[in-house]
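Report on the following structure.
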Amino acid sequence: MLVVGAATLILGCERASKPASPAPQAALDEATQQVTPKAPPIPEAGPLARPKSLRQVGVPDGATRAAIPTDNPQTPEKIALGQRLFFDGGLSADGTVACSTCHDPANAFTDGRPASIGIKGRVGQRNAPTILNALYNKTQFWDGRVKTLEEQAALPIVNPVEMGQPSLDAAAARIAAIEEYQQAFRRVFGRPPNGPDLVRAIASYERTQLSFDSPFDHFIAGDKNAIDGAAKRGWEIFNTRGRCNKCHALMEIKRDVTNFTDNDFHNIGIGIIRHNVVALARQAVQLINSGDAAAIDRAAIQTDMSALGRFLITKKEPDTASFKTPNLRNVLVTGPYFHDGSQETLWDVSDHYNKGDGLQNPYLDVDIQPLALTEADIDDLVAFLASLTSADYKELGVRELARQRELSRTNRPQRDTARAFGPKPPRPKPPGR
């Protein structure tokens, strides 16, 4: 590598008057070898990792209380233990990956990557959703394969692409060797470290990460100057011509101003053409019938079966390539977007919906259709979405909005004006019909 590095340095300054001597073959092989991605350093538990106040403007008191399960009540000691575990790489097989690797508080509890990197540089198929406000989710993961945060906390620990432990018991045994954990588990649970209590503690910490207090929350609370004219126009478009409320609201008549999700699953046209979902569905049926949750989890993260989405769980044809409607709070700072992280900006997301998508997609949701939104409409819609950024992420939001806006001026791969202003394309029939 020193030979290659020196040659690069010299040739970068001026071209040599005669051909350079060939570098050793081993060095050339190493230089041209594909670089294996590496998981980023485990984040520190800084101020943004702390449990959040319940006294934020917009917090739904009743829903927050209802989100705490009776068999895992919150206590300060349990939350503190869960926070420590959340940032501990010792839960992974090689010590390099923690929960916070994919859910970094500095990035609004995401990792900013299309798909996350686990142990040994292994890359999965899914984008890491934010932990913020996950306590309100009716189901967890993009395909809703589990319901509780306890179940959600367990699966990445044993997934070979993520944290890679052979079992939850193996992870518990590893931390049981640490005296401080022995003492903490005995104080909180009255027994030594074990798998079920480990995920109970992590889930308790995750339930403290509620995030409101955005400009939009202040606007809804009565401060009419909390958001600007563009965001106000965007809020109207969101609920009318933009049809965003079809999935990101609970009802048509009364607008949802809390979680912006219907807690349902929809095929919105992402990845349907890149994958032969019919063939994948045939492969998946036997796996689903096995009822092996860990095997289904591996298929969702490690294989092209990821593109099947909710079908992997229900085995129902209409669920093919359907994914969960995400909560839109802090959406500006939790990109890239969609289950595969395929869209970089909110302008890309808006362009995708604006054109209606759905060509060659027999499973497309019935509410996806061309929207005929102008560039000004899309700018207003993005302004509204940006107003959902919580106070904790205000500075990050300002920088990210500027970055996305600048990128949108030169790179709009999803924009298709002719389709956006055209008729709704005919929907093809599912195969075999």
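- Judged by a 6.0 Å distance limit and a 45° cone about the ring axis, Arg174 is not positioned over the six-membered ring of Tyr181.
- With ring centers used as reference points, Phe338 lies under 6.0 Å from His352.
- Thr101 has its side chain within reach of Pro40: a pair of non-hydrogen atoms, C-beta onward, lies under 4.5 Å apart.
- With contacts defined as side-chain heavy-atom distances shorter than 4.5 Å, the pair Gln404/Leu346 qualifies.
- With respect to the salt-bridge test (charged N to carboxylate O, under 4.0 angstrom), the residues Arg329 and Asp217 qualify.
- Within 6.0 Å of NZ on Lys224 lie more than 12 heavy atoms contributed by other residues, nucleotides or ligands.
- The residue from Thr334, Asn137, Asn259, Thr258 that alone fulfils the side-chain hydrogen bond (donor to acceptor under 3.5 Å, both in side chains) condition with Asn327 is Asn259.
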Trace of the ring-ring contact (aromatic ring centres under 6.0 Å, His included) decision for Phe219 with Trp235 | CA-CA 11 Å; Phe219 170 71; Trp235 175 226; 8.0 Å; no

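- Here Asp169 pairs with nothing under the salt bridge (charged side-chain N to carboxylate O under 4.0 Å, His left out) rule; sequence neighbours left out.
- Between Val158 and Asp297 there is no side-chain heavy-atom pair separated by less than 4.5 Å.
- A 4.5 Å side-chain heavy-atom check between Lys315 and Asn289 finds at least one atom pair inside the cut-off.
- Between Asp143 and Arg126 there is a salt bridge, with a side-chain nitrogen of the basic residue lying less than 4.0 Å from a carboxylate oxygen of the acidic one.
- For the pair Phe421/Thr374, a side-chain contact is recorded, criterion being any heavy-atom separation below 4.5 Å from C-beta on.
- A salt bridge is absent between Glu236 and Arg233: the closest approach of a Lys/Arg side-chain nitrogen to an acidic carboxylate oxygen does not fall below 4.0 angstrom.
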